[in-house]
Peer 1: 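Dropping a structure here in structure tokens format, bear with me for questions.
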Amino acid sequence: MDLSNFIGGEFVPAESKATFTKYSPFDGSVLAQVASSDAMDVIKTLQIAKKAAPLFKELSKENRSELLAKMAAYLEQNAEAIAYEEALHQGLSYSFVLENSVRPAVQILKNNAQSLLLGSSINILQQPNGVMGLITSWCLSLKLVIERLAPALAAGNVVIIKISEQSPITAKILGEAAKAAHVPTGVINILQGGSDIAQVIAGHPSIHAVTAVGKTSTMESIAKAGLSQFKKMQLNGSAKNPAIVLADTDYKNLMPEILRPFLMGQGQLCWNISRIFVLESFAQDFLTVAKEYLSALTPLKDPRGSEVWTPLISEEAIQSIDAKIRGGVEEHGKVFVGGTRHDGPGYFYKPTVMLDLPNCSVLQQDELQGPLLLITPVKYQHEALKWANTSYLAHSGVVWGPSEKVMKVISQLECAHVWVNSWTKGETETIFGHKQSSFGNPEMSWSGSFYSDVKKLAGTL
């Protein structure tokens, strides 16, 4: 399979004709040859997007609503095939991608289409920014793009999207959706390639606003490229999500659900947990049950399977987490379960639990991006909150326990989103974390101050 850029309404190779190879996380086989864009592709795309911007700006709200509705209809009609393609490229289960990426993406498009048809204040005038840059990570890529693309188009902007090189299939999916909806030429443009393309998009003066998702180091470089021009920025960075298991939780029966936020995605998703805090009163039994469950797992070898032990996204990810685990041992951490690569094809690493790491250690504070779970017993509930809140990242968390106990914990947990006795049930809301997990203007409405230039009118009309 060849996966190209989508520029000016057509799939086209990179200007240099250069490509890179995308490998399957499940077995290491070649999935596609992918266009490897460079700065010249960005310049070419910008020229096309700038020509499209004035015409799209004048398109009525009703027509923009119709375009979004048609894109939603295309994705909905092809939801199962799309979910399988993304799952295959991202090393996730088909059912998980369908529920948490494709179906939410469809609903987001529908919501924005409907919102455009509602009346607005005569004292407020929304005008598009012009050309916007969208940069996203690979995990559940379709949802990450659509939750930004939908309000951008609703506001009348044209977009240049940088797709993650780890999920190049998303460019094909979005391009085909744009074609099916008859989106005007040059309104949606999609580039394949590495992080250098993101830098060019973020720093180019013709791009007036940038929304991006990725690890903190990537967001820092994007921020530096864009802030020198004081352009609009909306950045969603790394996560260090905790789970807290309270007393009287039926953890023996709930263990598969308690560990699912760690296993599904192997710590690579911004919604994954990487730390669990349990009370000392039941910690030993909890660890025994967790070890028995993890040791019995088999890897997910096909997206349509039901296993929750998923592969890592690349060989580089395997090497990275292996180095972090060795570093944790040097910090006097104890490998309780796992700690080695799984024998056989694919990018599978045994789900690993480490104990005895001090809460000020590097692994307790930094994002891990891999199948490494730190379980920390604490004597009192307030200690769990204290150590969970020490991280400089504050995206989301999960709390397990009786309803009469969880609210106190939730109110004191420092993060932007908390799941209670569950995890990822197809939510459509965008999560912008607190602290260093996000930066810039988090407004997601098409009529708000990020996706539109809002003009307030005074006097008599």
Peer 1: As an exercise, state the distance from CD1 of Ile82 to CG of Leu75, rounded to the nearest 0.5 Å.
Peer 2: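 Answer for the CD1-CG pair, Ile82 versus Leu75, is 4.5 Å.
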Peer 1: Within a strict 4.5 Å, meaning less than it, do heavy atoms of the Leu259 and Leu373 side chains meet?
Peer 2: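 Sidechains of Leu373 and Leu259: in contact.
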Peer 1: Do Ser320 and Gln369 get their side chains close enough for a donor-acceptor pair, meaning under 3.5 Å?
Peer 2: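 No, Gln369 and Ser320 have no side-chain donor paired with an acceptor closer than 3.5 Å.
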Peer 1: Backbone N or O of Leu68 within a donor-acceptor pair of the Lys110 side chain at under 3.5 Å?
Peer 2: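 No, Lys110 side chain to Leu68 backbone: no donor-acceptor pair under 3.5 Å.
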Peer 1: If only atom types and distance count, is the side chain of Asn241 paired as donor or acceptor with the main-chain N or O of Gly397 below 3.5 Å?
Peer 2: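 Flag not set: sc Asn241 to bb Gly397 has no pair under 3.5 Å.
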Peer 1: Within the 3.5 Å criterion, strictly below it, is a donor on Ser115 or Trp446 matched to an acceptor on the partner's side chain?
Peer 2: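 Their side chains do contain a donor-acceptor pair, which is all the 3.5 Å distance test asks for.
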Peer 1: Please test Glu443 against Ser449 for side-chain hydrogen bond (donor to acceptor under 3.5 Å, both in side chains), starting from the C-alpha separation and ending with a verdict.
Peer 2: CA-CA 7 Å; Glu443 174 62 62; Ser449 58; 5.3 Å; no
Peer 1: Work out which heavy atom in Ser37 is nearest to a heavy atom in Gln192; give both atom names and the distance.
Peer 2: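 Looking at all heavy atoms of both residues, the closest pair is OG-O, 2.7 Å.
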Peer 1: Within the 3.5 Å criterion, strictly below it, is a donor on Gln365 or Thr390 matched to an acceptor on the partner's side chain?
Peer 2: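 The answer is yes; a qualifying pair exists.
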Peer 1: Using every non-hydrogen atom in the two residues, find where Phe56 and Pro184 come nearest and quote the distance to one decimal.
Peer 2: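 Scanning both residues completely, I find the closest heavy atoms to be CD1-CG, 4.3 Å.
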Peer 1: Heavy-atom count around Lys301 NZ within 6.0 Å, excluding the residue itself: above 12?
Peer 2: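 More than 12 within 6.0 Å, yes.
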Peer 1: If you measure only the distance, is there a donor-acceptor pair under 3.5 Å linking the side chains of Gln234 and Tyr451?
Peer 2: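 A pair is found: one side chain offers a donor N or O, the other an acceptor, under 3.5 Å apart.
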Peer 1: Taking atom OG of Ser137 and atom CD1 of Ile313, what is their separation to the nearest 0.5 Å?
Peer 2: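 Reported to 0.5 Å precision, the distance equals 10.0 Å.
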Peer 1: Please determine, by modelled atom types, if Ser438 and Asn236 share a side-chain donor-acceptor pair under 3.5 angstrom.
Peer 2: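 Judged by distance alone, the side chains do not pair up.
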Peer 1: Would you say that Phe26 contacts Asp302 through its side chain, given a criterion of any heavy-atom pair below 4.5 Å between the two side chains?
Peer 2: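 A side-chain contact is absent here, since even the closest heavy-atom pair is not under 4.5 Å.
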Peer 1: Charged N to carboxylate O below 4.0 Å: is that the case for Asp196 and Lys162?
Peer 2: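 The answer is no: the pair does not qualify as a salt bridge.
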Peer 1: Within a strict 4.5 Å, meaning less than it, do heavy atoms of the Glu86 and Thr170 side chains meet?
Peer 2: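 Result yes, sub-4.5 Å side-chain heavy-atom pair found.
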Peer 1: Counting neighbours of CD on Glu427 that are heavy atoms of other residues, nucleotides or ligands and sit closer than 6.0 Å, is the number greater than 12?
Peer 2: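 More than 12 heavy atoms, drawn from other residues, nucleotides or ligands, come within 6.0 Å of this atom.
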Peer 1: With the threshold set at 4.0 Å, does a side-chain nitrogen-carboxylate oxygen contact exist between Glu220 and Lys224?
Peer 2: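 No, no charged N to carboxylate O under 4.0 Å.
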Peer 1: Report yes or no: does Gln266 contribute a side-chain atom to a donor-acceptor pair with the main-chain N or O of Pro351 at less than 3.5 Å?
Peer 2: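 Not at all, since once roles are kept as given, no pair shorter than 3.5 Å links the two residues.
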Peer 1: When you measure from the side chain of Ser445 to the backbone of Ser447, do you find a donor-acceptor pair of N or O atoms at a distance under 3.5 Å?
Peer 2: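 Judged by distance alone, yes, a pair lies under 3.5 Å.
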Peer 1: If we ignore hydrogens and angles and just use 3.5 Å, is the side chain of Asn272 paired with the main-chain N or O of Gly267 as donor and acceptor?
Peer 2: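 Yes: the side chain of Asn272 pairs with the backbone of Gly267.
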Peer 1: Could you point out which residue of Thr352, Leu368, Leu363, Thr340 forms a side chain to side chain contact (heavy atoms under 4.5 Å, CB included) with Ile325?
Peer 2: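 In the set Thr352, Leu368, Leu363, Thr340, the residue that makes a side chain to side chain contact (heavy atoms under 4.5 Å, CB included) with Ile325 is Thr352.
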Peer 1: Heavy-atom distance under 4.5 Å between the side chains of Leu46 and Val131, does that happen here?
Peer 2: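 Sidechains of Val131 and Leu46: in contact.
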Peer 1: If I take atom CG from residue Leu140 and atom OG from residue Ser101, how far apart are they, to the nearest 0.5 angstrom?
Peer 2: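 Result: 5.0 Å between the selected atoms.
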Peer 1: Is there a donor-acceptor contact under 3.5 Å linking the side chains of Glu147 and Thr430?
Peer 2: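 Side chains of Glu147 and Thr430: pair found under 3.5 Å.
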Peer 1: Could you pull out the closest heavy-atom pair between Glu76 and Val106, with the gap in Å?
Peer 2: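 Looking at all heavy atoms of both residues, the closest pair is N-CG2, 3.7 Å.
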Peer 1: Any sub-3.5 Å donor-acceptor pair from Arg341's side-chain atoms to Ile318's backbone N or O?
Peer 2: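 Not a single qualifying donor-acceptor pair exists.
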Peer 1: Is the shortest side-chain heavy-atom distance between Ile108 and Arg103 below 4.5 Å?
Peer 2: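 Not touching, per the 4.5 Å side-chain cut-off.
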Peer 1: With a cut-off of 6.0 Å (strictly less than), are more than 12 heavy atoms of other residues, nucleotides or ligands near NZ of Lys456?
Peer 2: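 No - once you tally the heavy atoms of other residues, nucleotides and ligands closer than 6.0 Å, there are 12 at most.
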Peer 1: To the nearest 0.5 Å, what is the distance between CH2 on Trp423 and CZ on Phe262?
Peer 2: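 So the CH2 of Trp423 and the CZ of Phe262 are separated by 11.5 Å.
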Peer 1: Of His208, Lys232, Lys231, which meets side chain to side chain donor-acceptor pair (under 3.5 Å) against Asn129?
Peer 2: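 Answer to the side chain to side chain donor-acceptor pair (under 3.5 Å) test with Asn129 among His208, Lys232, Lys231: Lys232.
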Peer 1: Measuring only between side-chain heavy atoms, which start at C-beta, is Lys22 closer than 4.5 Å to His89?
Peer 2: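 Result yes, sub-4.5 Å side-chain heavy-atom pair found.
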Peer 1: Search all heavy atoms of Ile222 against all heavy atoms of Met233 and return the closest pair with its distance.
Peer 2: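 Of all heavy-atom pairs spanning Ile222 and Met233, the closest is O-CE, 3.5 Å.
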Peer 1: Kindly say whether the aromatic ring centers of His342 and Trp309 come within a distance under 6.0 Å.
Peer 2: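 Distance test on ring centres: under 6.0 Å, yes.
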Peer 1: Can you see whether Gln199 engages Ser221 through a side-chain donor-acceptor pair at a distance of less than 3.5 angstrom?
Peer 2: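 Present: a donor and an acceptor within the cut-off.
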Peer 1: Looking at Met444 and Pro151, what are the two nearest heavy atoms and their distance?
Peer 2: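 For Met444 and Pro151, the tightest heavy-atom pair comes out as O-CB, 3.4 Å.
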Peer 1: For Glu15, is there an ion pair with Lys44 - N to carboxylate O distance below 4.0 angstrom?
Peer 2: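 The answer is yes: the pair qualifies as a salt bridge.
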Peer 1: Can we say Glu10 and Lys179 salt-bridge, meaning some charged N sits less than 4.0 Å from an Asp/Glu carboxylate O?
Peer 2: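 Yes, Glu10 and Lys179 are salt-bridged.
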Peer 1: Working to the nearest 0.5 Å, report the span between CE of Met354 and CG of Leu372.
Peer 2: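 Atom-to-atom, Met354:CE and Leu372:CG are 6.5 Å apart.
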Peer 1: Is a donor on one side and an acceptor on the other found under 3.5 Å between the side chain of Asp2 and the backbone of Val34?
Peer 2: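 Such a contact is absent between Asp2 side chain and Val34 backbone.
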Peer 1: Does a side-chain N-to-carboxylate-O contact under 4.0 Å join Glu99 and Lys425?
Peer 2: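 Salt bridge flag = no for Lys425 with Glu99.
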Peer 1: Do other residues, nucleotides or ligands put more than 12 heavy atoms under 6.0 Å from Phe11 CZ?
Peer 2: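 Counting other residues, nucleotides and ligands, CZ of Phe11 exceeds 12 neighbours.
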Peer 1: Can you find a pair of side-chain heavy atoms, one from His204 and one from Ile43, that are under 4.5 Å apart?
Peer 2: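 Side-chain contact under 4.5 Å: yes.
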Peer 1: Mind listing the closest non-hydrogen atom pair of Tyr347 and Ser314 along with its distance?
Peer 2: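 Heavy atoms of Tyr347 and Ser314 come nearest at CD1-CA, 3.6 Å.
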Peer 1: With a 4.0 Å cut-off on N to O distance, would you call Glu330 and Arg326 a salt bridge?
Peer 2: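 The answer is no: the pair does not qualify as a salt bridge.
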Peer 1: Please check this pair: side chain of Asn100 against backbone of Val97, looking for a donor-acceptor N/O pair closer than 3.5 Å.
Peer 2: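 No; judged by distance alone, with no hydrogens or angles, the pair does not exist.
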Peer 1: Please determine if Arg304 forms a cation-pi arrangement with Tyr94, meaning its NZ or CZ atom is less than 6.0 Å from the six-membered ring centre and no more than 45° off the ring axis.
Peer 2: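 Pair Arg304/Tyr94 counts as cation-pi.
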Peer 1: Hey, could you give me the CG/CG distance between Asn189 and Leu174, rounded to the nearest 0.5 Å?
Peer 2: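 Answer for the CG-CG pair, Asn189 versus Leu174, is 12.0 Å.
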Peer 1: Could you check whether any side-chain N or O of Gln90 sits under 3.5 Å from a backbone N or O of Trp138, counting only pairs where one atom can act as donor and the other as acceptor?
Peer 2: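 At least one qualifying donor-acceptor pair exists.
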Peer 1: So, His395 side chain and Cys270 main chain: donor-acceptor pair closer than 3.5 Å or not?
Peer 2: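 Yes; judged by distance alone, with no hydrogens or angles, the pair exists.
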Peer 1: Have a look at Glu367 and tell me which of Ser217, Ser274, Ser238 forms a side chain to side chain donor-acceptor pair (under 3.5 Å) with it.
Peer 2: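 Between Glu367 and the candidates, side chain to side chain donor-acceptor pair (under 3.5 Å) is satisfied uniquely by Ser238.
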Peer 1: Are the side chains of Thr424 and Phe96 in contact, using a 4.5 Å heavy-atom criterion?
Peer 2: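 Phe96 reaches Thr424 side chain to side chain.
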